Enquirer: 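Provided herewith is a single structure, encoded as structure tokens, for subsequent inquiry.
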Amino acid sequence: MTSLNYELLKAINDLAGKSSVVDAIMIFATNYAVPVFATVLLMMWFFGKEYMKKTVVYSALSGVLGILINVLISKIYFEPRPFVTHDDLNVLVDHARDASFPSDHTTGAIALAFAIALRNKRIGIIMMVFALITGFSRMYVGNHYPGDVVVGIVIGLLVAYTINKLAFLVEPLANFIVAVYRALPFVPKKTI
């Protein structure tokens, strides 16, 4: 599997440097996935009604749990970044030499996006497309193997699905957070 993982990475990463437009999109997705998701979630929170605010809570919980699972996995199984092991990659974005498996960017993006999609298809589909581009970008820029990204996708999907299925536990927390927000003075409020 390691050889296939590298061969697939090499095929994807060899695309880097051939189109400045594609390079820019992939670098943007890799570098700005977190700010993009944060901006979308903040807009959903501040401009959305109560259901949308609760969707933000479901999404945030999914993202945090997904990253926590990744941290645990990386403590049990350490895989070096591909650019550490292979010196023939086009590394477009510098990265720390920490664990490669699984991809935190991919897990977080997919968990956030799928949690949104389960509750709001219109916004969720757009965010899922961006999350998948983010995952692909991690290989394109030379920071992750395909296996890292695939496992990140699986973890993100499973976590968001599980959080959604545990609505009987999440809903009271979401109600509490929204109620606390509504009690704050001088903040935008929308109901229902």
Side-chain angles (χ1 to χ4, degrees), residues 24-75 93-96 98-99 102-138 143-144 149 151-192:
I25 291 168
M26 293 298 128
I27 291 168
F28 177 85
T30 279
N31 286 338
Y32 296 104
V34 173
V36 166
F37 273 97
T39 300
V40 169
L41 291 172
L42 286 170
M43 288 175 64
M44 288 170 62
W45 182 269
F46 287 117
F47 300 113
K49 295 183 179 181
E50 187 167 315
Y51 182 82
M52 197 64 80
K53 288 175 178 35
K54 290 180 186 180
T55 299
V56 171
V57 173
Y58 278 75
S59 183
L61 286 173
S62 298
V64 168
L65 183 58
I67 297 302
L68 287 174
I69 290 169
N70 279 11
V71 168
L72 289 173
I73 291 171
S74 69
K75 299 293 182 197
V93 175
D94 290 333
H95 199 288
D98 56 357
S103 168
D104 290 341
H105 275 76
T106 306
T107 299
I110 292 290
L112 293 168
F114 192 51
I116 294 169
L118 290 170
R119 295 177 54 89
N120 183 303
K121 285 187 180 171
R122 188 172 49 93
I123 298 171
I125 288 171
I126 294 166
M127 296 316 296
M128 281 297 291
V129 169
F130 183 68
L132 290 170
I133 291 170
T134 299
F136 184 81
S137 77
R138 303 303 290 160
N143 288 171
H144 279 288
V149 171
V151 171
I153 291 170
V154 170
I155 292 169
L157 292 173
L158 289 175
V159 166
Y161 178 80
T162 302
I163 292 288
N164 193 59
K165 283 297 182 185
L166 294 175
F168 66 95
L169 294 173
V170 178
E171 197 68 17
L173 175 63
N175 287 333
F176 173 75
I177 291 170
V178 171
V180 168
Y181 173 77
R182 275 189 300 195
L184 296 173
F186 311 115
V187 293
K189 296 172 176 76
K190 290 199 176 202
T191 57
I192 306 174

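Predicted model, so just to flag it, every value in this text is computed and none were measured.
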Enquirer: What are the two closest non-hydrogen atoms of Ala115 and Ala160, and how far apart are they?
Expert: N-CB, 3.6 Å
Enquirer: Which pairs of donor and acceptor atoms, one on a side chain in residues 166-174, lie under 3.5 Å apart (sequence neighbours left out)?
Expert:
{"from": "Glu171", "atom 1": "OE1", "to": "Tyr58", "atom 2": "OH", "distance (Å)": "2.6"}
{"from": "Glu171", "atom 1": "OE2", "to": "Lys54", "atom 2": "NZ", "distance (Å)": "2.9"}

Enquirer: Specify whether His95 and His144 have parallel, tilted or perpendicular ring planes, treating 30° as the upper limit for parallel and 60° as the lower limit for perpendicular.
Expert: perpendicular
Enquirer: Would you name the heavy atoms of Met26 and Ile133 that are closest together and state the gap between them?
Expert: CE-CG2, 4.1 Å
Enquirer: Taking all non-hydrogen atoms of both residues, which atom of Gly135 and which atom of Val149 are closest, and how far apart?
Expert: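 Of all heavy-atom pairs spanning Gly135 and Val149, the closest is O-CG2, 3.5 Å.
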Enquirer: Does Ser137 use its side chain to pair, donor to acceptor, with the backbone of Thr134 at less than 3.5 Å?
Expert: yes
Enquirer: Under the side chain to side chain contact (heavy atoms under 4.5 Å, CB included) rule, what do Thr106 and Val151 come out as? Steps first, then yes or no, please.
Expert: CA-CA 9 Å; Thr106 306; Val151 171; over 6 Å; no
Enquirer: How about Arg119 and Met52: do any of their side-chain heavy atoms sit closer than 4.5 Å?
Expert: no
Enquirer: Can you measure from CG (Leu72) to CD1 (Ile67) and round to the nearest 0.5 angstrom?
Expert: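 Answer rounded to 0.5 Å: 11.5 Å.
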Enquirer: Taking the side chain as every heavy atom from C-beta outward, state whether Ile69 and Thr107 have any pair of such atoms under 4.5 Å apart.
Expert: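 No, too far: nothing below the 4.5 Å cut-off.
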Enquirer: Using 0.5 Å steps for rounding, measure from the CG atom of Asp98 to the CG atom of Asn143.
Expert: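 Asp98 CG to Asn143 CG: 9.5 Å, rounded to 0.5 Å.
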Enquirer: Rounded to the nearest 0.5 Å, what separates atom CG in Asn70 from atom CG in Asp104?
Expert: 4.5 Å
Enquirer: Using the side chain to side chain contact (heavy atoms under 4.5 Å, CB included) rule, pick out the option among Thr39, Asn120, Ile116 that qualifies with Met44.
Expert: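 Going through Thr39, Asn120, Ile116 one by one, the side chain to side chain contact (heavy atoms under 4.5 Å, CB included) with Met44 is satisfied by Ile116 alone.
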Enquirer: Considering residues, nucleotides and ligands other than Phe130, do more than 12 of their heavy atoms fall under 6.0 Å from its CZ?
Expert: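 It does: Phe130 CZ has more than 12 such atoms within range.
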Enquirer: The test is side chain to side chain contact (heavy atoms under 4.5 Å, CB included); show your working for Ile126 and Lys121 and say whether it passes.
Expert: CA-CA 9 Å; Ile126 294 166; Lys121 285 187 180 171; over 6 Å; no
Enquirer: If we ignore hydrogens and angles and just use 3.5 Å, is the side chain of Thr30 paired with the main-chain N or O of Ile27 as donor and acceptor?
Expert: no
Enquirer: When you measure from the side chain of Ser59 to the backbone N and O of Leu112, does any donor-acceptor pair fall under 3.5 Å?
Expert: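 Confirmed, Ser59 side chain pairs with Leu112 backbone.
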Enquirer: Could you tell me which non-hydrogen atom of Ala131 sits nearest to which non-hydrogen atom of Ile110, and how far apart they are?
Expert: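 Heavy-atom minimum between the residues: CB-CD1, 3.7 Å.
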Enquirer: Start with the C-alpha gap between Tyr181 and Phe46, add the side-chain angles, then the distance that decides, and say whether side chain to side chain contact (heavy atoms under 4.5 Å, CB included) holds.
Expert: CA-CA 10 Å; Tyr181 173 77; Phe46 287 117; 3.3 Å; yes
Enquirer: For a side chain to side chain contact (heavy atoms under 4.5 Å, CB included) check, start with the C-alpha distance between Ile155 and Ile73, then their side-chain angles and the critical distance, and finish with the verdict.
Expert: CA-CA 11 Å; Ile155 292 169; Ile73 291 171; 3.6 Å; yes
Enquirer: Test your reading of the model: is there a side-chain donor-acceptor pair from Lys53 to the backbone of Trp45, 3.5 Å cut-off?
Expert: yes
Enquirer: Just how far is it from atom CZ of Phe136 to atom CD1 of Ile153, taken to the nearest 0.5 Å?
Expert: 11.5 Å
Enquirer: Output the distance between atom CG (Leu118) and atom NZ (Lys165), rounded to the nearest 0.5 Å.
Expert: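 So the gap between those two atoms works out to 9.0 Å.
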